[in-house]
Protein chains: 2
Amino acid sequence: MDKQKLLQEKGLKTTTARVALLDFLEQEGSPLDVVTIVEKLHQQADQATVYRILDILTKKDLVNRLEFGEGKYRYEIQKNHHHHLICTNCGTISDVPGDFLGKFEKEIKDKKGFLVKSHLLEFFGLCRSCQS
Amino acid sequence: MDKQKLLQEKGLKTTTARVALLDFLEQEGSPLDVVTIVEKLHQQADQATVYRILDILTKKDLVNRLEFGEGKYRYEIQKNHHHHLICTNCGTISDVPGDFLGKFEKEIKDKKGFLVKSHLLEFFGLCRSCQS
DNA sequence: ATTCTTGCAAAACGTTTGCAATCCG
DNA sequence: CGGATTGCAAACGTTTTGCAAGAAT
């Protein structure tokens, strides 16, 4: 995917830091915290810059900001709607596809009058190799 | 509910700070952040103490720790399994009862081999009075 | 040329910790 | 009495911000 075009479409200037960050997140796939991102980006962007880029990319929906109850944020490249399976033993994070809450959100609208715009759903447990 | 008994059952000493905090959270009902709790507790407990109490009460399942993507934790008194409807306009938080994910968690186990132990689910949108 | 973006350093914010004093059982 | 709990202050990790320099359109 052409990162330059992606950025232009969102009205953002093309900079090496932004392209590097997008490339990196795309290649990684799973949600990472900022310390890790800065480390792996290896000098290509200052920490403050990383925060600023992640912030603006999140607002432009190119990146997804998540919380896993760790007291910090994680970021991943935007993809099809999915949730995460977080292994509380080894820390591995895998994706689980699908948006199966639509039915329930309609129910909420009907019964409570609350109009759901988005939701946050993550699963915690044990991955296959950590069960025994 | 008798807070002293509750604490004793969990092997915790009865202190004025703990009882005050439990009373307060029970009376409030919805999830609050620590600053708010300390404020409303009005001198009945230091901030560090509040953190420590919330920590231990969370571990003992008397209190529930939540994250709403705000970069901080919120705490509520433990009640029946439920999720939250968070109005992104006025900030009001209401409960929505029910644990309807069991079916999907079984599916996850069957298809992915991942054993779900707990989940995190919150809904964001507009409450009845903020739609127009 | 003008506006946007970056690096650096400092600050802000939420949370945790060390230690001595105090309280509970 | 002895161990658990607390207050205070300091430390910590994460995130944000001010400002001057630099880069993109």
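Each chain gets a letter, A, B and so on, in the order its sequence line appears, and its residues count up from 1.
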Exercise. Any salt bridge between B/K10 and B/D61, counting N to O under 4.0 Å?
Worked result: no

For this session: Any chance you could lay out the side-chain hydrogen bond (donor to acceptor under 3.5 Å, both in side chains) test for A/D33 and A/T36, step after step, and finish with the verdict?
Result: CA-CA 6 Å; A/D33 60 31; A/T36 306; 2.6 Å; yes

Exercise. Could you give the distance from OH (A/Y75) to CG (A/L62), rounded to the nearest 0.5 Å?
Worked result: 14.0 Å

Exercise. Looking at CD of A/E28 and CG of A/L25, how far apart are the two atoms once the value is rounded to the nearest 0.5 Å?
Worked result: 8.0 Å

For this session: By nearest nucleotide on DNA chain C, pick out whichever of B/R65 and B/T14 is the more 5' one.
Result: B/R65

Problem set entry | B/R18 side chain, from C-beta outward: closest of C/dT3, C/dG25, D/dT6 | D/dT6

Exercise. B/Y51 side chain: which of C/dC24, D/dT17, C/dG14 is closest?
Worked result: C/dG14

Problem set entry | Side-chain heavy atoms of B/K13 within contact of B/L7, under 4.5 Å | no

For this session: With DNA chain D as reference, determine whether A/R52 or B/I53 sits nearer its 5' end, using the nearest nucleotide of each.
Result: B/I53

For this session: Can you sort out which residues in residues 24-50 of chain B have a heavy atom within less than 4.0 Å of DNA chain D? Ascending by number, please.
Result: B/A45, B/D46, B/A48, B/T49

Exercise. In whole Å, what is the span from the CZ atom of A/F68 to the C1' atom of D/dT14?
Worked result: 17 Å

Exercise. When the nearest nucleotide of DNA chain C is assigned to B/D55 and to A/G11 on a heavy-atom basis, which residue is associated with the more 5' position?
Worked result: A/G11

Seminar exercise, completed: Rounded to 10°, the helix from C/dA1-D/dT25 to C/dG25-D/dC1 deviates from straight, judged by its five-pair end axes, by 40°

Exercise. Is the distance from OP1 or OP2 of C/dC4 to the nearest side-chain N or O of A/T15 less than 4.0 Å?
Worked result: no

Problem set entry | For atom CD of A/Q8 and atom C1' of C/dC4, their distance in whole Å | 14 Å

For this session: Calculate the interatomic distance between B/I56 atom CD1 and C/dT15 atom C1'; express it in whole Å.
Result: 17 Å

Exercise. Rounded to the nearest 0.5 Å, how far does CZ of B/F68 lie from CD1 of B/I93?
Worked result: 4.5 Å

Seminar exercise, completed: A/L7 CG to D/dA23 P, in whole Å, measures 18 Å

For this session: Take A/E122 and B/H119 through the side-chain hydrogen bond (donor to acceptor under 3.5 Å, both in side chains) test and state the conclusion after the steps.
Result: CA-CA 6 Å; A/E122 313 294 353; B/H119 58 247; over 6 Å; no

Exercise. Does the pair B/K72/B/E67 count as a salt bridge with the N-to-O cut at 4.0 Å?
Worked result: no

Exercise. How many Å lie between CG on A/L54 and P on C/dT6, as a whole number?
Worked result: 11 Å

For this session: Please assess A/I53 against A/T49 for the test side chain to side chain contact (heavy atoms under 4.5 Å, CB included), listing each intermediate value before the final yes or no.
Result: CA-CA 6 Å; A/I53 294 178; A/T49 302; 3.7 Å; yes

Exercise. Has the side chain of A/K13 got a donor or acceptor that lies under 3.5 Å from a partner of the other kind on the base of C/dT3?
Worked result: yes

Exercise. Residues sharing A/F123's hydrophobic cluster, by side-chain heavy-atom contacts under 4.5 Å among ILVMFWY, directly or via others?
Worked result: A/L85, A/V96, A/F100, A/L101, A/F104, A/I108, A/F114, A/V116, A/L121, B/L85, B/V96, B/F100, B/L101, B/F104, B/I108, B/F114, B/V116, B/L121, B/F123

For this session: Could you state the atom-to-atom distance from NZ of A/K10 to C1' of D/dA24 in whole Å?
Result: 20 Å

Problem set entry | For atom NZ of A/K59 and atom P of C/dT5, their distance in whole Å | 12 Å

Exercise. Can you check the B/K72 NZ to D/dT16 C1' distance for me, whole Å?
Worked result: 15 Å

